[in-house]
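Report on one structure; see the data block that follows.
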Amino acid sequence: MAGPVAGPGGAGAGRGAAARPPGASAGTLTSVFVRLKLSLLRNGLRQSSGRTAVFVVSIVLTLLFAAGQLLGLVLLRGHAQAATLAVLLTGVTALGWAVMPLFFPSGDETLDPSRLVMLPLRPGPLVWALLVASLVGTGPLFTLCLAVGAGISVAHGAFAVAVAVVAVPLVLLVCLALARAVAAANIRLLTSRKGRDLALLSGLVVAIGIQVVNFGAQRLGQAGGLARLEPAADLVRWVPPASAVGAVDAASRGAYGTAVAQLLLSVAALAGLLYWWQRSLTKLMTAPDGSTVAAAGPDADRKRPGAGGGWTGLLPEGRTGAVVERALRYAWRDPKAKSGWVTALALGLIVPVFNAAQGTGSVYWACFAAGLLGTLMYNQFGQDTSAFWIVAMTVSSKRDAYLELRARALALLLVTLPYATLVVVVTVAVLGDWAALPEGLGVSYGLLGAMLGVGAWASAYFPYSIPQDSAYKNAAPGQGGLAWASMMGGMLLATALCVPVALAAWWVRTGSASPWLLLPLGAVWGALLVWGGLHLAAGRTHRRLPEILAAVSKA
């Protein structure tokens with residue numbers, strides 16, 4: 001972004017408004033930024049045919065969905081709950097615009113105003129230029145279609161149509177200003193390491209959102225329909241920019257005073273967001289950041305990580321404690337490792353609990369958490385990437401390899417075992433079937449032990465490198481087959497090893513044995529599988545250490 005921005009303001013200083021004195025007209029600056037946004041879009045598509053194809057497909061899908069939503073809202077015109085749906089859809093869309101910069105900070109390069117701090121630009125004209133340039137994109141097009149459909153669905157009468165003419169662009173501008181203001185206020189956090197870690201929550205939000213929408217749709221279909229949403233709509237219609245759609249509905253009902261008040265509320269919100277945005281830009285361009293402030297200080301020693309002992313003091317001495325601490329720190333600090341943990345922990349709880357809440361689940365759904373968390377044991381050496389050579393230097397015997405793998409499994413168990421237990425307890429509580437608690441725990445423990453044992457074995461037999469330069473690649477070029485063999489083959493083997501526990505569960509279900517028999521059986525069987533898998537993997541690791549090191553270090 002820095003290069004293209006410098007183009008209009010650097011090489012083209014005689015023609016571009018970015019290099020003109022601070023008093024340059026806002027109109028010229030706006031034209032420059034619109035052309036800049038189009039250039040960024042065009043140059044991005046020229047990078048590869050795959051990226052162009054993805055962009056074209058996303059455009060087509062967005063247009064189809066937007067057209068379908070527009071048509072649906074138009075057909076809803078005259079329905080008793082048309083205003084309820086239009087107001088709530090507008091509010092949800094605005095919420096999406098508000099959180100988009102927080103969870104997808106790299107989704108739009110122009111959301112980062114820190115790239116413009118070296119240019120001689122005033123915040124006031126810059127705000128309007130960026131706001132107009134924000135109109136270019138699929139997101140604004142989708143929002144515009146939604147606003148037009150919402151306005152048509154609730155506008156009845158000449159005065160309501162006049163209000164809709166103002167309300168529709170007002171909804172779009174408020175959404176854009178909201179996203180830009182949030183991005184400008186938090187840009188230094190979002191471009192830091194902690195900010196990038198925040199983006200990992202996007203997967204959690206999406207997963208929860210899908211389940212909530214599914215659960216809500218089922219509830220709405222049971223009784224009452226959209227009428228059950230009227231209390232929520234009555235509140236949201238006073239929240240900008242949904243208040244602009246509420247103003248059109250109020251004008252249609254003859255409540256002219258309410259319509260004016262709601263419309264002015266959205267106008268005031270737009271003015272407030274633009275002011276907040278401008279203040280954030282001023283602070284961003286004038287205030288020092290962490291790169292210009294000395295990191296050392298009188299309290300540096302007290303703030304240094306590890307200076308106070310903490311939880312690391314609870315770990316055993318020697319190799320085991322060191323490996324456990326290293327594994328847990330990797331899980332917390334490495335973006336890809338953290339992404340895997342967040343996904344497994346979130347979906348492991350969401351899927352069984354929501355299925356239980358909908359009345360379609362059973363206690364065995366709780367095993368989903370043990371299965372997902374167990375996959376974190378796979379490709380243990382590849383997770384270290386090229387740094388695995390440091391570990392390899394300390395492995396001189398089969399026992400060293402066994403202690404290394406055992407400590408890594410222990411690090412996983414410190415989190416996965418209590419979490420799997422928690423998921424089973426919560427699922428049973430939602431189902432109200434406490435008699436099934438020992439069954440759920442026994443099967444979960446058996447599956448978790450099978451996944452950890454087979455994961456250790458797969459780590460030694462199918463190691464592969466994990467690229468760090470891409471968030472979307474989980475295996476180096478040419479190692480895709482190894483990754484599939486490790487994951488799919490390992491999961492099939494773990495499932496086969498759980499057959500004795502499954503047969504015991506069937507035996508318990510037939511009433512031939514007490515459910516409490518399954519709890520110790522699953523725990524002992526899982527522990528035996530972990531022990532066996534670690535010993536098999538340790539021998540393979542010691543014998544083929546150079547080959548493993550070469551595989552995980554492949555670029």
Begin with the C-alpha distance, continue with both residues' side-chain angles, and end with the deciding distance and a verdict on side chain to side chain donor-acceptor pair (under 3.5 Å) for Thr427 and Trp365.
CA-CA 8 Å; Thr427 304; Trp365 270 103; over 6 Å; no

Derivation of the side-chain contact (heavy atoms from CB on, under 4.5 Å) call for Trp434 and Val425:
CA-CA 8 Å; Trp434 289 102; Val425 172; 4.2 Å; yes

What do the steps show when you test His542 against Arg399 for side-chain contact (heavy atoms from CB on, under 4.5 Å), and what is the final call?
CA-CA 9 Å; His542 177 239; Arg399 174 151 183 87; over 6 Å; no

In sequence, state the C-alpha distance, the side-chain angles, and the governing distance for Trp457 and Leu493, and then conclude on side-chain contact (heavy atoms from CB on, under 4.5 Å).
CA-CA 11 Å; Trp457 173 83; Leu493 179 58; 4.1 Å; yes

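A heavy-atom distance below 4.5 Å is not found between the side chains of Trp277 and Leu178. With contacts defined as side-chain heavy-atom distances shorter than 4.5 Å, the pair Leu63/Leu141 qualifies. A 4.5 Å side-chain heavy-atom check between Leu349 and Tyr419 finds at least one atom pair inside the cut-off. Residues Val424 and Ser444 are in side-chain contact: their nearest non-hydrogen atoms beyond the backbone lie under 4.5 Å apart. Between Phe381 and Leu405, some side-chain heavy-atom pair lies under the 4.5 Å cut-off. In this structure, Arg543 and Lys398 have side chains that are not in contact, with every pair of non-hydrogen atoms separated by 4.5 Å or more. Counting only heavy atoms from C-beta outward, the side chains of Leu521 and Trp516 never approach each other to under 4.5 Å. By the 4.5 Å heavy-atom criterion applied to side chains, Leu503 and Trp507 are not counted as neighbours.
Between the side chain of Ser134 and the backbone N or O of Arg180, no donor-acceptor pair lies under 3.5 Å. No side-chain donor-acceptor contact under 3.5 Å links Gln380 to the backbone of Ala460. A donor-acceptor contact shorter than 3.5 Å links the side chain of Asn379 to the backbone of Tyr464. Proximity of a side-chain donor or acceptor of Gln383 to a complementary backbone N or O of Tyr378 within less than 3.5 Å is detected.
Remark: Leu410 CG to Leu417 CG distance equals 10.5 Å, nearest 0.5 Å. Distance OG1/Thr416 to CH2/Trp341: 6.0 Å, rounded to 0.5 Å. Interatomic distance, Leu345 CG to Leu372 CG, rounded to the nearest 0.5 Å: 9.5 Å. Residue Trp332 holds its CH2 atom at 11.5 Å from CG of Leu328, rounded to the nearest 0.5 Å. Atoms OG and OH, on Ser397 and Tyr402 in that order, are 13.0 Å from each other to the nearest 0.5 Å. From Ile390, atom CD1 reaches atom CG of Leu549 across 11.0 Å, with rounding to the nearest 0.5 Å.
The minimum heavy-atom distance between Ala98 and Val182, with the atom names listed, is O-CG1, 3.6 Å. Summarising the geometry of Thr541 relative to Ile548, their closest heavy-atom pair is CA-CD1, 3.8 Å, with the distance given to 0.1 Å. Scanning both residues, Leu534 and Ala409, for their nearest heavy atoms gives CD2-CB, 4.4 Å. Of all non-hydrogen atoms in Leu518 and Val508, the two that sit nearest each other are CB-CG2, 4.4 Å. In plain terms, the two heavy atoms of Asp433 and Val428 that are nearest each other are O-CG1, 3.1 Å. In terms of heavy atoms, Gly440 sits closest to Val363 at CA-CG2, 3.7 Å.
For residues 404-413, the set of pairs meeting the salt bridge (charged side-chain N to carboxylate O under 4.0 Å, His left out) definition, not counting sequence neighbours, comprises Arg319-Glu404, Arg326-Glu404, Asp384-Arg408, Glu404-Arg408.
Judged as a side chain to side chain donor-acceptor pair (under 3.5 Å), and not counting sequence neighbours, the contacts of Tyr445 are Thr421.
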Scan the side chains in residues 448-456 for donor-acceptor partners under 3.5 Å anywhere in the protein, sequence neighbours excluded, and list what turns up.
none

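Ring pair Phe65/Phe142 is parallel by interplanar angle, where below 30° counts as parallel and above 60° as perpendicular.
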